[in-house]
Amino acid sequence: MRHIENVDLAEVAEAVGTPFYCYSVAALIRAYTMFGLAVPAGSLIAYSVKANGNLAVLTLLAEMGAGADVVSGGELKKALAAGIPAARIVFSGVGKTKAEMTLALDAGIHQFNVESEQELLALNDVAAATGKSAPVALRINPDVDAKTHAKITTGTSENKFGVPIARARGIYATAATLPGIRVVGVDVHIGSQVTALGPFEAAFARIVDLTKQLRADGHAIERLDLGGGLGVPSDPKSYGKVAARAVAGLDVQLIFEPGRALVAEAGVLVARVIYVKPGEGRTFAILDAGMNDLIRPALYDAHHDVVRVTGTGEGRGVYDLVGPVCESADVFARDYEMPALEAGDLVAFLNAGAYGAVMASAYNARPPAAEVMVQGREWSVVRPRLTDDALIAADRIPHWLGP
Ligand code: LLP
């Protein structure tokens with residue numbers, strides 16, 4: 001694979017240097033369109049900004065009519081800056097501060113997904129103080145195992161997220177008494193990179209049961225936020241059917257918070273081979289991208305397929321693909337069979353559009369990978385690589401040190 005759409009990755013590498021992320025507009029449009037067709041008509045697709053918060057990606061999604069799921073004041077500002085209307089923004093997360101709540105109330109967002117009674121009371125204080133009432137869904141922890149990696153499981157009682165389903169009715173009763181709170185819905189999110197539909201089915205069923213109870217208790221539940229979590233590869237159509245079946249006859253607005261499903265497949269991370277180093281019984285291909293650029297393999301044992309983009313080596317080889325960072329965890333893949341690699345070759349990690357660039361750091365004083373967007377024959381840098389000087393300039397030396 002040498003091209004993304006009609007752009008030659010080798011040309012981009014020459015111009016911007018490596019490593020860099022590359023996003024395809026066509027793939028983003030395809031993923032968003034397919035998801036939209038898969039879920040019931042009229043659903044709000046609140047793209048989970050954390051998956052890829054690049055302003056160019058957000059702007060494209062905004063133009064297609066997406067909403068946003070944000071988890072910080074920063075993400076809220078980014079979503080608004082990209083032109084996503086506040087009325088299509090939901091605010092999730094376990095630790096919203098009062099400052100963030102104020103920001104979101106002033107903006108007039110669609111919904112707060114509240115994750116604890118403590119947060120509910122804080123939000124009530126903030127809203128009531130300015131005579132507002134905050135539209136709220138409680139995030140329910142349904143105690144369903146999403147059958148994904150432990151570090152991206154959120155819906156079991158072991159996890160910090162949401163309120164236990166057994167306590168939900170009590171907290172809704174409290175919410176109904178608070179002047180700064182307007183109960184509008186119920187929210188659930190069980191984890192990420194979920195590829196089996198069973199866990200979604202189980203979680204949605206619990207949420208629907210709860211909704212019926214809450215309505216019987218007198219709460220006006222008009223919306224169900226079914227969260228994100230759909231993994232890649234997976235089939236949005238079947239997922240949409242599971243959701244539609246679960247809520248049949250309920251008369252609610254559905255909200256979805258897909259992150260990965262919209263952006264993962266639209267992105268690659270391109271790196272150059274620095275050395276091919278023979279070891280005892282294994283060969284290391286040392287790349288100029290490291291765990292600071294793409295941490296998913298180190299953190300979640302994630303697998304990203306790797307392809308050779310340029311290279312003239314003949315036959316195939318088996319490599320441990322590693323980065324230059326001084327950590328044994330800086331490994332992308334072990335015993336990976338692919339076309340023979342030589343120093344100078346370009347390789348690309350696939351499905352790197354989600355949780356790649358956003359999780360990058362400057363560890364080892366390595367400025368994170370640049371980001372590029374491609375449309376047809378055109379490409380554009382959507383985030384330049386920071387310079388070493390810019391990294392240095394970000395630090396400050398206290399007055400009692402130095403000359
Ligand atoms: N909604 C909430 C409340 C979430 O916490 C998340 C993801 C999403 C939606 C979007 O989930 P998605 O559709 O992207 O699966 N860094 C990890 C994934 C962390 C997901 C955190 N929450 C990874 O690289 O796999």
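Note: hydrogens, waters and symmetry copies are ignored here, and every other heavy atom, side chains too, is used. Both ligands and their constituent atoms are indexed starting at 1 by order of listing.
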Report task. Considering the heavy atoms of Met359, write down every atom of ligand 1 situated less than 4.0 Å from one of them. Result -> 16 (N)

Requested in this report: Ignoring angles and geometry beyond distance, decide whether Arg139 reaches within less than 3.5 Å of ligand 1 through its nitrogen or oxygen atoms.
Outcome: no

Report summary line: Per side chain to side chain donor-acceptor pair (under 3.5 Å), Asn113 is matched among Glu257, His189, Arg139 by Glu257

Query raised in the report: Under 3.5 Å, is there a donor-acceptor pair between the Tyr363 and Glu327 side chains?
Result: yes

Report summary line: atom 17 (C) of ligand 1: closest protein heavy atom, distance to 0.1 Å, is Tyr300 OH, 3.1 Å

Query - Distance from atom 10 (C) of ligand 1 to nearest protein heavy atom, with residue and atom - result: Ser48 OG, 3.4 Å

Report task. Decide whether Ser24 and Glu5 meet the rule of one side-chain donor and one side-chain acceptor closer than 3.5 Å. Result -> yes

Requested in this report: Could you see which bit of Thr154 sits under 4.0 Å from ligand 1, with heavy atoms only: side chain, backbone, both or neither?
Outcome: neither

**Report entry** Part of His189 with heavy atoms under 4.0 Å of ligand 1, whether side chain, backbone, both or neither
**Finding:** side chain

Query raised in the report: At what distance is the nearest protein heavy atom to atom 15 (O) of ligand 1, and which residue and atom is it?
Result: Ser192 OG, 2.4 Å

Report summary line: shortest atom 1 (N) of ligand 1-to-protein heavy-atom contact is with Glu257 OE1, 2.6 Å

Requested in this report: Assess Gly227 for proximity to ligand 1: is some non-hydrogen atom of it under 4.0 Å away?
Outcome: no

**Report entry** Closest protein heavy atom to atom 19 (C) of ligand 1, given as residue, atom name and distance to 0.1 Å
**Finding:** Ile152 CG2, 3.7 Å

Query raised in the report: What residue and heavy atom of the protein are closest to atom 24 (O) of ligand 1, and at what distance?
Result: Arg296 NE, 2.5 Å

**Report entry** Geometric N/O contact Gly259 with ligand 1, under 3.5 angstrom
**Finding:** yes

Report task. Determine, for Phe112 and Lys96, whether the Lys NZ or Arg CZ falls below 6.0 Å from the six-membered ring centre while staying within 45 degrees of the axis. Result -> no

Requested in this report: Do me a favour and list the nearest non-hydrogen protein atom to atom 21 (C) of ligand 1 with residue, atom name and distance?
Outcome: Lys50 CD, 3.7 Å

Query raised in the report: Short N/O distance, under 3.5 Å, between Gly229 and ligand 1?
Result: yes

Report task. Record the part of Phe161 in heavy-atom contact with ligand 1 below 4.0 Å; permitted values are side chain, backbone, both and neither. Result -> neither

Report task. Among all protein heavy atoms, pick the one closest to atom 14 (O) of ligand 1 and tell me residue, atom and distance. Result -> Tyr355 OH, 2.6 Å

Report summary line: Nearest heavy-atom approach of Asn141 to Ser157 is OD1-N, 4.1 Å

